[in-house]
Structure formats: structure tokens, C-alpha cells
Amino acid sequence: MKILLVSNFEGGFQPMTVAAATTPLLKAGFDVSVLDTYVDGIQEDRFVGQDLVAISIPLFDALFAGIEIARLVREKNPSAHITFFGQYATINAYRLAGKYSDSCVVGEFETPLLALARHLSGDTQLMLPGLVTTEVIEKGETIHPYMGRDEIHIPTRSTLPPLHKYPQAQVDKLMGSTQIVGTTEIARGCHHKCLYCSVFAAYDGKVFLIEEDVVIEDVRQLVKGGMTHLTFIDADFFNSKHHGVKILRRLHEEFPELTYDFTLRIDHILENKEILLEMAGLNVAFVTSALEFPSEEVLDAVAKYTSLEDIEEAIAFLLGTGIKLNPTFIMFNPWISLEDLATFRAFVERNNLDDIIDPIQYETRLHLYKGSPLLNTASVQALELTEQEFHVDWKHPDPRVDELYYASLTPQEEGIFKRCCLKC
Ligand code: SF4
């Protein structure tokens with residue numbers, strides 16, 4: 001039984017989703033190989049002779065390329081079973097399975113992928129948890145996301161392209177030198193329920209911890225691979241802060257030169273000042289925080305449960321710790337006015353953020369995925385909306401705001417969603 005795991009984009013990082021999916025399949029004795037088209041291109045010959053091709057789509061930016069890969073696999077190898085997995089597979093399973101693939105994993109992917117591989121190997125009596133198949137769709141059944149708290153294995157990194165193939169300009173800028181960046185996670189999901197967020201859509205407030213020893217062992221192999229800086233790709237590192245501190249202490253003892261960054265909510269920064277001061281001493285170099293937009297109306301509209309005052313307090317606090325801030329925004333959103341864009345400029349200048357903001361942040365636009373809770377809110381329902389296959393396009397009530405947005409894009413970028421965090 002030959003299995004090909006394909007990644008096309010994981011935020012420009014070495015794809016940890018396929019690394020995590022590989023281990024249980026290898027342990028069960030399957031012949032597994034990996035293709036990351038982001039760095040190695042679409043090698044169509046690799047699709048031939050595979051029994052199962054599983055395409056990872058953890059981010060919105062991976063969705064359309066993933067569909068194109070599925071089309072090419074079908075062309076080159078019509079008998080292969082094609083499936084999708086990852087966060088955007090969970091959100092779009094019923095739009096993908098049957099049309100672009102034979103099945104789609106919903107929820108945590110390791111156990112459903114293993115069950116699918118065993119099923120395709122002949123164990124047809126096996127239950128297929130968390131798997132939306134063509135048959136399921138034909139019968140009109142509903143499959144709940146698989147959220148079993150199974151063992152999470154150490155990701156297999158030996159089958160992935162080396163870390164140096166994944167340069168990270170924003171990390172280099174914040175660190176002031178070129179880094180070899182690796183990623184890992186201490187938990188999956190998020191306890192919070194920000195209305196626009198795809199993590200909320202996929203996990204509904206649930207969080208799964210990854211065992212301390214698994215994280216440490218994964219970091220050891222990343223360091224062996226040349227990593228000098230580690231980005232924790234958790235939706236919010238303080239979803240499990242005590243777990244995180246324990247891991248950072250152990251890592252700092254074993255790798256005193258290694259530096260770190262992770263994502264944090266503004267309220268978590270303010271509630272955990274002592275812990276952050278300790279973390280500064282453990283080489284946490286910067287934190288990414290989704291500031292959304294410096295306006296109470298926007299913060300309320302997305303249910304962020306923070307205020308402009310909190311944001312400015314958190315920025316000032318971090319300044320005194322030595323931990324830098326990597327702010328992200330949803331720059332173009334339906335709740336701003338043209339004047340707010342000028343206010344934004346003043347906010348950036350007042351807080352000395354201009355030099356550290358990733359330029360891509362000036363082009364981010366609210367993404368309304370199908371099923372987003374925002375679509376049920378009065379302020380979004382009042383917009384001119386156009387339904388697309390996987391998302392809903394919206395127009396700003398003031399056409400001048402949209403004109404500014406489109407003017408900020410180069411032609412090839414038009415229509416491409418810009419990420420505001422590592423998980424969207
Ligand atoms: S925006 Fe961040 S804090 Fe809010 S639900 Fe998403 S991952 Fe969690």
C-alpha cells in the first residue's frame with residue numbers, strides 16, 4: 001500500500017501537518033512518502049503508482065492549490081484514493097468530498113487517515129471515524145469532526161525538505177539576522193471563539209495538548225536539522241500556558257542559544273506579565289498578536305474581548321520586557337470608515353510600530369468562510385454579499401475603501417487572501 005502525503009503551503013514553513021500525519025502511517029507499516037510542492041514543485045510522476053494520496057490543506061491559502069493537485073493526481077492516477085486533511089478540510093469537507101476527492105478528513109487527522117489506509121488495504125469492516133466519503137454525501141449523512149484524544153506521535157521530519165529551504169523574512173527582520181526557522185506546536189485548537197476565525201470553526205473552542213516529551217523530542221530533531229529559531233504555531237500559546245512554560249524551561253536548559261516566538265492574545269499578555277518576564281529570560285524573542293484594527297467597533301464586531309486601551313498597554317508592557325511585538329491586522333474590514341485608515345496610521349506612529357509591521361499586514365482583508373458566524377451578524381448581513389464556492393465576498397458600504405484595498409494589490413495578488421495569523 002503506497003501513500004503519498006502532499007503539502008502545498010503551510011505559511012512558508014516546513015509542513016508540520018504532513019510530518020505529524022506520516023508517523024502513525026509509518027508505524028503501521030505503510031509505504032509513505034511526502035511531497036511539498038511549495039519548495040519542490042508539482043512532481044506529477046510522484047502521483048503515479050500511489051494507492052492513497054492525502055493532500056494537506058491547513059490554511060485557506062492552501063485550498064485552491066490543493067484542489068489543483070487533486071485534479072492532477074486524478075489525471076495521472078485515476079485509481080488512487082484522494083483525500084484532503086487539515087483545518088480547511090474540516091471546514092469544507094462537504095464541498096470537497098465527492099467533487100474534488102474521494103473523501104475528506106474532518107477534525108484531528110491522524111486516526112482517520114490511518115483508518116482510511118487500513119480500510120483501503122482490505123480491512124473493510126473498519127469504522128471510518130471523521131471521514132466524509134462520497135457515500136456519506138450521497139446518503140445525506142452528517143459526520144462529526146474526529147476529536148478523539150489519541151496519542152500524538154513525534155512528527156517525522158526526515159521525509160521533509162530541509163529547514164533552510166523555508167526562509168522567513170519577517171522572522172529575520174524581527175531577529176535582526178538570518179535564521180533557520182523551524183515550527184512545532186504544544187497544543188491544537190483554541191479555547192476562544194473570535195467570530196471570524198477558522199480555528200474556532202474547526203475546533204469549536206476545544207484544545208488538545210501535545211505531550212511535553214513529544215514536543216521536546218521534535219525540537220531535538222529540528223535542532224539537528226539546523227534550526228536556530230523556533231516558531232510555535234499554536235493558535236494561542238497561552239491556551240496551555242503552564243504546559244508552555246514547562247516546555248520552554250526544559251528547552252532553554254538543553255538549547256540555551258535557541259530563540260522562540262509564538263502567538264498571544266492581547267488579554268493574555270496583560271494577564272500574564274510575570275510569566276512573560278520569565279519567558280523573556282528563556283529567549284522568547286517576539287510574540288505575534290492579532291490586533292485586528294485599532295477601533296472599538298471592529299474589536300467588538302469580531303468578539304475579541306479586548307479594547308484599544310488594552311492594546312496600547314500591552315504594546316508598552318512588551319517594550320519593557322525585551323520581547324518584540326509582531327502585530328497583525330485585518331486592515332480592510334466592513335466596520336472601518338475611510339477616516340479610520342488615517343487613524344490607523346496615527347496608531348502605528350504613536351506606538352512606533354511602522355518598522356516592525358510585516359508589509360503584508362497593510363493588505364489583509366476580512367475573510368468570510370462559508371459557515372462563518374459573522375454571516376449571522378446584522379452588520380455583515382447588511383453588506384452586499386456574493387456567495388463563492390468556499391467563501392463569501394463582501395463589499396464595503398463605502399466604495400472608496402474597497403478602491404483603496406484593490407489599489408494596494410499588484411495584479412497577480414488580486415483576490416488572494418492575506419493571512420492575519422499562522423492558522424487562517
Ligand atoms: S483569533 Fe486567535 S484567539 Fe481568537 S479563536 Fe482564533 S486562534 Fe483563538
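Count residues from 1 along the sequence.
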Are the charged groups of Arg71 and Glu68 less than 4.0 angstrom apart, N to O? yes
Result for side chain to side chain donor-acceptor pair (under 3.5 Å) between Asn326 and one of Gln361, Gln170, Lys173 points to Gln170
What class does the angle between the rings of Phe286 and His229 fall in, given that below 30° is parallel, 30 to 60° is tilted and above 60° is perpendicular? parallel
Can you find a side-chain donor-acceptor pair between Asp340 and Ser295 that sits under 3.5 Å? no
When you measure from the side chain of Ser7 to the backbone N and O of Asp36, does any donor-acceptor pair fall under 3.5 Å? no
Verdict with reasoning, Phe200 to Tyr196, per ring-ring contact (aromatic ring centres under 6.0 Å, His included): CA-CA 8 Å; Phe200 167 39; Tyr196 65 86; 9.8 Å; no
Just by distance, no angles: are the side chains of Asp236 and His268 close enough, under 3.5 Å, to form a donor-acceptor pair? yes
Assess whether atom CG of Asp355 is packed by more than 12 heavy atoms of other residues, nucleotides or ligands within 6.0 Å. no
Heavy-atom distance under 4.5 Å between the side chains of Tyr166 and Val181, does that happen here? no
Look only at the side chain of Asp123 and the backbone of Arg118, and say whether a donor-acceptor pair between them is shorter than 3.5 Å. no
Among Phe13, Phe238, Phe237, which one satisfies ring pair (Phe, Tyr, Trp, His ring centres under 6.0 Å) with Phe232? Phe237
Member of Leu230, Leu282, Asn283 meeting the side chain to side chain contact (heavy atoms under 4.5 Å, CB included) criterion with Leu251: Leu230
